[in-house]
Structure formats: C-alpha cells, structure tokens
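Worksheet: the structure to be examined is printed underneath.
Everything numeric in this text was worked out from a predicted model, so none of it was measured. Throughout, numbering of the chain's residues begins at 1 and tracks the sequence.
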Amino acid sequence: MSEKHMKSAKKSHKKIWWSIGIVALILLIAGGVKAYTMYTSAQKVANQAYQKSKTPTARNVSKVIKNKDPLNVLILGTDTGALGRKTKGLSDTMIVASLNAQKETTYMTSIPRDTEVSINNTTQKINAAYTIGGASQSIKSVQNLLDVPIDFYIVMNMGGLKELVNSVGGVDVTPTLTFKYGSANVKKGVKTHLTGKEALSYSRMRYDDPDGDYGRQKRQRQVILAVVRKALTISSVTRFQSILNSVQKNMKTNLTFNDMLALRFSYKNASHHIKSNTLEGESETIDGLSYQVASMTERRKISNKIRKELGLANTTKLTDSSSSSDTTTSSTTTQSSSSTTASSTSSGYSNASSSTNTVNQNSNTGSPTTGP
C-alpha cells in the first residue's frame with residue numbers, strides 16, 4: 001500500500017535573507033565590514049559563480065526585477081564534492097523560492113528528490129535531472145512538473161556546505177530525533193555544536209528518519225538557517241574572506257552581480273515572512289525503483305499556490321484531461337501517463353528531445369552530462 005507523506009508548512013519570523021542563497025548573504029554582510037573591500041571581493045566571487053542557463057527564461061527577468069514583481073529562484077543542493085564523490089551528482093535538495101517584495105514574503109516549495117518525472121521520454125527521479133543535463137534540465141523538469149516559471153537558479157554542492165559551516169566556526173542545532181550517521185552523533189532536543197563534517201552528515205541522513213527524505217530536507221534547512229544566523233554576526237574580515245572562498249569554489253548561478261544587488265535592495269523585505277510547503281507524493285515502485293508520484297491534482301494545487309504568490313492566473317495546463325491517469329501502476333515497465341512530459345504542449349515550456357537512459361539511483365554516477 002502506498003504511503004502519503006504530509007507536507008511541511010512551518011512559518012519563520014526570523015529576518016533572514018537565505019532563500020536567495022549564499023551570495024545574497026555575502027552582500028548583506030558586506031555592508032558592515034570594510035564595505036568597499038567586501039564589495040569588490042563579493043563582486044569577484046559573483047562573477048566567477050555566474051553560469052548562464054541554456055534554458056531560456058520563461059519571461060523577461062530584467063523587467064520583473066525592475067518592476068519589483070514576484071519572482072522564482074530554483075535552489076539546488078547537489079551531492080558532488082562531498083564524502084569523496086567526484087561525479088556531477090544528483091540534486092538531493094530542490095526548492096522553488098517565490099519572492100514577493102510587496103507582500104514581504106518568501107514562499108518555499110520543496111520537491112522530494114524521488115519525485116517521478118519524464119525526461120526525454122524516460123521515467124526518472126527528478127534529482128537525476130541535474131546529472132542528465134545540469135541546472136538547465138533541472139529548470140525544465142521543474143517547469144514541466146509544476147507549470148511555473150523559473151527566473152533564476154542557484155546550485156550549491158554538499159562539499160560546499162561542509163566548507164561553509166567551517167568558515168563560520170561551526171553551527172548550533174537542536175535535533176528533532178536521536179541518531180548516529182557518519183560523523184554526526186546527536187540526541188533529540190539537546191542543543192549540539194556541529195563542525196562542517198558533522199553538519200554534512202547531519203544533513204545527509206534519511207534512512208533512519210521516520211520522515212525519510214522529507215525529514216532530511218528539514219534538517220538541511222535547519223543547518224542553512226544556522227549558517228546564516230552565524231554569518232550575520234561575523235565582523236572579522238579574515239572570516240568573511242573564508243566564507244567568500246567556500247562560496248567561490250562550490251556555487252554556480254545565473255544571477256549576475258547586478259541582479260544580486262537589485263535583489264538585495266528591492267527584495268530584502270521578502271524575508272520578513274517565510275512560508276514553506278512540500279509537493280506530496282505517493283510511494284510507488286517502478287522497474288524496481290522507489291518513486292514519489294505526485295498526482296495531477298497535487299501538482300495543480302502546488303502550481304496554483306506558487307502562481308498565486310507570483311500574481312499569475314491558475315494553471316490551464318495541469319488538467320485531468322492532460323493525462324489518462326494521475327498515478328503510476330506499481331512494478332510495471334510502462335511509463336506512467338501522469339509523469340511530467342517533456343513536450344512543450346503539455347507543459348508550456350520547451351524541452352530537449354533527445355533520448356536518455358534511466359539514471360542509476362543506487363549510485364552517484366549517471367549519464368554523460370552537460371553544463372547548466
């Protein structure tokens with residue numbers, strides 16, 4: 001019997017600018033520590049982190065920022081550069097952050113890593129999109145899955161998380177469960193100081209978590225928030241430079257430095273009210289692999305929530321008539337008709353047409369990859 005996961009909907013009242021990613025955090029800090037030096041250093045890092053997406057944006061992002069309209073940022077956390085991994089890796093963390101400057105809100109939608117999608121007419125888990133085609137394919141897959149525009153993306157690898165935690169001198173967290181995994185050894189309810197290596201292990205565990213990947217996503221957000229809180233108190237130029245170095249080696253984004261400045265000054269109040277949600281799915285087995293299959297009804301519901309945050313009309317593409325079924329039959333070799341299709345007619349966004357093999361989800365290797 002399939003098990004339906006409950007969504008996470010926690011509100012945060014902390015004035016923390018983390019939804020745009022680590023570079024925007026740097027811009028915040030730069031205002032308080034030798035501003036000019038930090039400004040130029042941040043600009044250099046931003047220029048090196050910049051990587052244009054091969055997927056055209058669904059709308060004019062320059063106009064969106066100029067008008068201070070709500071926008072979407074896709075945040076990807078990859079498993080490359082951590083625990084000895086050298087491959088391109090999978091995007092184990094996928095969050096669509098919807099920023100609304102006028103309402104002073106950030107609406108964060110987490111997409112489970114095992115969510116079933118169709119990439120080039122092949123059933124895949126959505127975290128394999130990054131392995132197959134980099135950030136560009138991840139953007140296409142999310143746009144097709146939820147029928148929402150992705151204006152920007154940020155990729156941070158898990159190895160970068162380790163370095164980032166060390167650069168701020170470690171972080172404090174209060175675990176919601178007791179477990180041992182890798183370098184992490186924590187007890188429920190006991191405030192614990194984590195080094196970078198410990199924080200990485202703490203963020204990666206999922207098999208001993210009763211909430212599985214959903215629980216891991218919560219712990220990843222917990223660590224990132226702790227990093228931001230710590231970073232905002234830093235006044236040391238040396239420590240600040242350490243943060244810059246960790247970001248420089250571990251992040252890619254299609255945000256230009258000017259985009260970051262515009263977001264810093266026009267959208268900073270969007271962090272006043274942070275809301276979160278998770279795309280729900282049913283556990284299904286397809287070709288021997290475990291997937292989370294989101295029904296068309298669930299996809300439409302999440303899509304409309306995000307579109308409402310952006311001031312857009314409800315989706316007209318994610319309708320029951322657009323597929324013959326909302327679920328996938330277990331243990332079958334037939335691709336689910338409820339999978340997100342790669343064609344522009346079903347999603348409203350263009351996609352690649354070449355075929356690809358299913359990425360092996362039991363290892364960290366995949367098909368030959370391309371850049372973002």
Side-chain angles (χ1 to χ4, degrees), residues 7 19-21 51 53-59 61 64 70-78 89-99 106-120 122-156 213 217 220 252-255 276-281 291-296 298-310 312 315 317-318 322 338-344 346-352 356 359 369-370 372:
K7 53 186 176 177
S19 59
I20 279 298
Q51 195 161 50
S53 171
K54 295 178 181 178
T55 300
T57 55
R59 53 188 186 163
V61 294
V64 168
L71 56 82
N72 276 341
V73 181
L74 178 62
I75 301 174
L76 302 169
T78 72
L90 306 165
S91 55
D92 281 345
T93 299
M94 299 187 77
I95 299 173
V96 178
S98 307
L99 283 71
T106 295
Y107 186 77
M108 303 180 61
T109 304
S110 294
I111 303 174
R113 68 193 293 274
D114 293 339
T115 298
E116 181 216 18
V117 295
S118 178
I119 300 176
N120 303 330
T122 303
T123 300
Q124 301 280 359
K125 295 182 180 182
I126 197 167
N127 67 338
Y130 186 75
T131 306
I132 294 169
S136 294
Q137 185 60 61
S138 295
I139 292 171
K140 291 176 186 176
S141 295
V142 172
Q143 289 185 152
N144 287 344
L145 179 71
L146 298 176
D147 187 32
V148 295
I150 298 299
D151 301 304
F152 298 104
Y153 79 87
I154 294 174
V155 178
M156 189 81 179
D213 190 48
Q217 290 174 21
Q220 289 173 344
K252 289 298 179 182
T253 179
N254 63 341
L255 282 161
S276 62
N277 199 7
T278 300
L279 178 71
E280 296 180 13
Y291 289 80
Q292 286 294 306
V293 180
S295 69
M296 188 62 70
E298 173 67 7
R299 289 165 55 192
R300 183 167 58 246
K301 180 179 71 174
I302 295 298
S303 174
N304 288 338
K305 285 184 177 180
I306 296 175
R307 294 175 72 88
K308 181 178 179 181
E309 294 295 321
L310 299 179
L312 302 177
T315 178
K317 300 183 182 300
L318 302 181
S322 63
S338 69
S339 301
T340 308
T341 61
S343 68
S344 60
S346 65
S347 67
Y349 303 102
S350 61
N351 204 339
T356 184
V359 172
T369 58
T370 58

Taking all non-hydrogen atoms of both residues into account, name the closest pair between V148 and Q143 and its distance. O-CG, 3.3 Å
Atom pair CD1 (I132) and OG (S141), whose distance is rounded to the nearest 0.5 Å: 7.5 Å
Are side-chain heavy atoms of T57 and P149 found at a separation under 4.5 Å? no
Between CD of Q220 and OG1 of T93, what distance do you get to the nearest 0.5 Å? 3.0 Å
Note, I154 side chain near V73 side chain (heavy atom, < 4.5 Å): yes
Are Y153 and T55 packed together at the side-chain level, in the sense that at least one heavy-atom pair is separated by less than 4.5 angstrom? no
Under a 3.5 Å threshold, yes or no: a donor from one side chain and an acceptor from the other, between N72 and S98? yes
With side chains defined as the heavy atoms from C-beta onward, is the minimum distance between Q292 and I126 less than 4.5 Å? no
Name all residues meeting the side chain to side chain donor-acceptor pair (under 3.5 Å) criterion together with T115; count only those two or more places apart in sequence or in a different chain, and write none if there are none. none
Between E116 and L145, the two heavy atoms sitting closest are O-CD1, 4.4 Å
Any chance you could lay out the side-chain contact (heavy atoms from CB on, under 4.5 Å) test for N277 and K301, step after step, and finish with the verdict? CA-CA 11 Å; N277 199 7; K301 180 179 71 174; over 6 Å; no
For K252 and L76, run side-chain contact (heavy atoms from CB on, under 4.5 Å): C-alpha distance rounded to whole Å, both residues' side-chain angles, the deciding distance at 0.1 Å, then the answer. CA-CA 10 Å; K252 289 298 179 182; L76 302 169; over 6 Å; no
Taking every heavy atom of M108 against every heavy atom of I95, the minimum-distance pair comes out as CE-CG2, 3.6 Å
Nearest 0.5 angstrom please: Q124 CD to T131 OG1, how far? 9.0 Å
Heavy atoms of Y130 and T78 approach each other most closely as CE2-CG2, 3.5 Å
NZ of K140 to CD of Q137: how many Å apart, nearest 0.5 Å? 5.5 Å
So how far is it from I111 CD1 to N127 CG, rounded to the nearest 0.5 Å? 11.5 Å
For the backbone of K125 and the side chain of D114, can you confirm whether one donor and one acceptor N or O come within less than 3.5 Å of each other? no
To the nearest 0.5 Å, what is the distance between OG1 (T109) and CD1 (I306)? 3.5 Å
Sidechain-backbone polar pair: R300 side chain, L318 backbone, donor-acceptor under 3.5 Å: yes
Closest heavy-atom pair and its distance - T315, N304: N-OD1, 2.9 Å
Any residue meeting side chain to side chain donor-acceptor pair (under 3.5 Å) with S303, in chain and number order, not counting sequence neighbours: none
